[in-house]
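Quick caveat, the model's predicted, so the values are computed rather than measured. Ligands are counted one by one from 1 in listed order, and the atoms in each one are counted from 1 as well. FYI, side chains are in, hydrogens and waters are out, and symmetry mates aren't considered; it's all heavy atoms of this structure.
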Amino acid sequence: MSMISTSLSGPKSATSYCAPEFSGLRRLCPNNNTNNSHSPSFLRFTSPRKPLRRVLAMAGTGQNGTKESITKLISDLNSAKMESDVDVVVAPPFIYIDQVKSSLTDRIEISAQNSWVSKGGAFTGEISVEQLKDIGCKWVILGHSERRHVIGEDNQFIGKKAGYALSQGVGVIACIGELLEEREAGKTFDVCYQQLKAYADAVPSWDNIVIAYEPVWAIGTGVVATPAQAQEVHVAVRDWLKNNVSAEVASKTRIIYGGSVNGGNCAELAKQKDIDGFLVGGASLKGPEFATIVNSVTSKKVAA
Ligand code: PEP
């Protein structure tokens, strides 16, 4: 199963834009108009104590799980104490969605891990957005690194999938992220921007999209991005949204981090201004640990 969780996030500081102390992954400031003397407009009308974005925690379990292990996980999640201001989503494998939907508390929403690119029909082996809606899925994860790099889905195909899911009222967890060699070649931002552009070109609106930044080198490896590495990319993504979509979308869109998040490293990551929650794989298979991660995403609220 996979889960998403997000928590409340305070307003961003203007100095997080194009911060010079960051590691130089960005070759250029994405917009020359954006600099430290220019406060993003949303800062001017937002109270510093009022959270802009609800945080979200999501569990995505890939192909893991059996009827028996999922029954135990559901029972652990049903009895876990989860902060009320965190949106929690689980993304079980398709074949277990019905089981999860019928026995999991309504407080947790259900996501699929993939969907077909257009209206359902004669596409053997695929699952349509209409079917996902029929069994109660509110979300779908698209553009996961395994879809991109194992199955071979490209940016445009993923963008089209996102556009179709949104057109049917299903929210999209839009994954982006660079390979290790792309990071080492200084291409992290370029890769993420291209992936974002493909979504932007295809979606009717950003109202129902959560962006999941998942560096491929961190997924399932036990090598988590440092809080500074993750924050650096999250700021760049928000900056890209501001420059290419709108300041409002940039301030409202939740950007969650995924890649070897666990009960021990979540709190420090969650304190970063632009990390609005997590997409969790391996650690979401253990209910109590996932609950710890869910509750960690409120740490900025406490700090506010
Ligand atoms: C994932 O599968 O998207 C993921 C983030 O996995 P993990 O948490 O195990 O790295």
Q. Among the clusters formed by ILVMFWY side chains lying less than 4.5 Å apart, do I256 and I219 turn up in the same one?
A. no

Q) If you group Ile, Leu, Val, Met, Phe, Trp and Tyr by side-chain heavy-atom gaps below 4.5 Å, do I95 and V100 land in one group? A) yes

Q) Would you say A218 touches ligand 1, if touching means a heavy atom closer than 4.0 Å? A) yes

(Q) Holding to side-chain contact (heavy atoms from CB on, under 4.5 Å), I want the full list of residues that pass it with V245, two or more places apart in sequence or in another chain. (A) W206, W240, L241, V249

Q: Output the list of atoms in ligand 1 that are nearer than 4.0 Å to some heavy atom of G259, sorted by atom number.
A: 5 (C), 10 (O)

(Q) Give me the residue, atom name and distance of the protein heavy atom closest to atom 5 (C) of ligand 1. (A) E214 OE2, 2.9 Å

Q) Do any nitrogen or oxygen atoms of V280 lie less than 3.5 angstrom from nitrogen or oxygen atoms of ligand 1? A) no

Q: Find out if a path of hydrophobic residues (ILVMFWY) with successive side-chain heavy-atom gaps under 4.5 Å connects L269 to V216.
A: no

Q: Please answer: with hydrophobic residues joined when any side-chain heavy atoms are less than 4.5 Å apart, are I127 and W116 in the same cluster?
A: no

Q: Heavy-atom contacts with G220 under 4.0 Å: which atoms of ligand 1 show up? List them by number with element.
A: 7 (P), 9 (O), 10 (O)

Q. At a 4.0 Å threshold, what atoms of ligand 1 neighbour a non-hydrogen atom of L279?
A. 5 (C)

Q. Non-hydrogen atoms of A283 versus ligand 1: any pair closer than 4.0 Å?
A. no

Q) Among protein heavy atoms, which lies nearest atom 9 (O) of ligand 1, and at what distance? A) G282 N, 2.8 Å

Q: May I ask you to identify the nearest protein heavy atom to atom 2 (O) of ligand 1, giving residue, atom name and distance to one decimal place in Å?
A: H144 NE2, 3.4 Å

Q.
If I take atom CZ from residue F290 and atom SG from residue C266, how far apart are they, to the nearest 0.5 angstrom?
A. 10.5 Å

**Q.** Atom pair CD/CD of E181 and E184 - distance to nearest 0.5 Å
**A.** 7.5 Å

Q: Before signing off on this row, confirm whether T221 and ligand 1 have an N or O atom pair separated by under 3.5 Å.
A: no

Q) Honestly curious: do V191 and Y199 fall in one hydrophobic cluster under the side-chain, below-4.5 Å linking rule? A) no

(Q) Which of the numbered atoms in ligand 1 are under 4.0 angstrom from any heavy atom belonging to S260? (A) 7 (P), 8 (O), 10 (O)

Q) Of the protein's non-hydrogen atoms, which lies at the shortest distance from atom 8 (O) of ligand 1, and what is that distance? A) G281 N, 2.8 Å

